[in-house]
Engineer: 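Structure incoming, see below.
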Amino acid sequence: MKYWLFKSEPDVFSIDDLRARPQQTEPWDGVRNYQARNFMRDEMKVGDLGLFYHSNCADVGVVGVVEIVKEAHPDPTAFDEKSPYYDPKSSPDMPRWMMVAVKWKASFQRTVSLAELKQEAQLKDMRLVQRGNRLSVMPVTQAEFSHICKMAQRNL
DNA sequence: GCCAACGTTGGC
DNA sequence: GCCAACGTTGGC
């Protein structure tokens with residue numbers, strides 16, 4: 001079993017949006033980066049857990065946990081000319097982009113902010129806290145995952 | 001809104 | 001196959 005981190009802009013799709021969905025489940029569509037796609041396509045399995053991260057907002061940080069409930073399959077938004085994620089180079093015959101489906105597992109009592117993450121010696125190797133990181137889907141180690149869940153329970 | 005860092009594109 | 005130009009991401 002593996003552990004992951006999913007970034008989302010809460011103005012577009014937040015953890016509360018996920019929680020409000022039918023079955024509290026949503027396809028993670030719109031990923032248009034090869035490295036992120038490869039993680040989803042090649043490595044994610046049903047039952048893996050992911051951290052839900054809010055990016056590009058006033059309150060940047062990890063806000064909860066999701067579970068992978070469906071393995072990689074073609075992302076239909078790539079075929080939809082009206083979608084902001086449309087990619088003419090992807091077709092149902094030769095799908096270029098994949099997505100998994102995630103289910104809400106838990107919302108933290110508080111946001112574990114990026115600034116806090118950067119201060120943790122145990123997390124110094126995370127891609128998330130390193131310079132210029134732009135990956136929207138990335139692996140985290142089990143130790144990092146547990147550590148961040150523990151941080152969420154700290155009283156500040 | 002700014003801007004640094006990054007990934008992708010396309011000319012050669 | 002190189003690399004400059006460009007568009008995007010994302011923290012601040």
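Since the model is a prediction, treat every value here as computed from it, not as a measurement. So you know, we letter chains A, B, ... as the sequences are listed, proteins then strands, and number each from 1.
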Engineer: Quick one: is B:dT9 close enough that its OP1 or OP2 comes under 4.0 Å of any side-chain N or O from A:Y34?
Structural biologist: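 The answer is no; no side-chain N or O of A:Y34 sits under 4.0 Å from OP1 or OP2.
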Engineer: Between A:M138 (CE) and B:dG7 (P), how many Å, whole number?
Structural biologist: 12 Å
Engineer: Whole Å only: how far is the OH atom of A:Y53 from the P atom of C:dG10?
Structural biologist: 8 Å
Engineer: Please tell me which of the listed nucleotides, C:dG11, B:dA5, B:dG7, lies nearest to the side chain of A:N56?
Structural biologist: C:dG11
Engineer: With under 30° as parallel and over 60° as perpendicular, where do the rings of A:W28 and A:F52 fit, or are they tilted in between?
Structural biologist: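 Because their plane-to-plane angle is over 60°, the rings of A:W28 and A:F52 count as perpendicular.
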Engineer: A:M99 and side-chain contact (heavy atoms from CB on, under 4.5 Å): which single residue from A:V137, A:T77, A:D75 fits?
Structural biologist: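 Result: among A:V137, A:T77, A:D75, A:D75 is the only option passing the side-chain contact (heavy atoms from CB on, under 4.5 Å) with A:M99.
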Engineer: Before giving the answer on side chain to side chain donor-acceptor pair (under 3.5 Å), spell out for A:Y34 and A:R96 the whole-Å C-alpha distance, their side-chain angles and the decisive distance to 0.1 Å.
Structural biologist: CA-CA 9 Å; A:Y34 289 102; A:R96 173 172 300 202; 2.9 Å; yes
Engineer: Without decimals, in angstroms, what is the distance between A:D87 CG and C:dT8 P?
Structural biologist: 13 Å
Engineer: C:dG10 C1' sits how many Å from A:L128 CG, rounded?
Structural biologist: 11 Å
Engineer: Picking from C:dG10, B:dA5, C:dC12, which would you name as closest to the side chain of A:S55?
Structural biologist: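 Output: C:dG10.
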Engineer: For A:K118 and C:dG11, what is the distance between atoms NZ and C1' respectively, to the nearest whole Å?
Structural biologist: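 My rounded result for the distance is 7 Å.
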Engineer: Can you find a side-chain donor-acceptor pair between A:H147 and A:E120 that sits under 3.5 Å?
Structural biologist: yes
Engineer: Using only side-chain N and O atoms of A:K89, determine if any of them is under 4.0 Å from OP1 or OP2 of B:dT8.
Structural biologist: no
Engineer: Can you check the A:R32 CZ to C:dT8 P distance for me, whole Å?
Structural biologist: 14 Å
Engineer: Calculate the interatomic distance between A:E9 atom CD and C:dG10 atom P; express it in whole Å.
Structural biologist: 7 Å
Engineer: Which listed nucleotide (C:dG11, B:dT8, C:dG10) is nearest to the side chain of A:K7?
Structural biologist: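 The answer is C:dG10.
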Engineer: Rounded to the nearest Å, what distance is computed from the CG atom of residue A:L114 to the P atom of nucleotide C:dG11?
Structural biologist: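 One finds 6 Å between P of C:dG11 and CG of A:L114, rounded.
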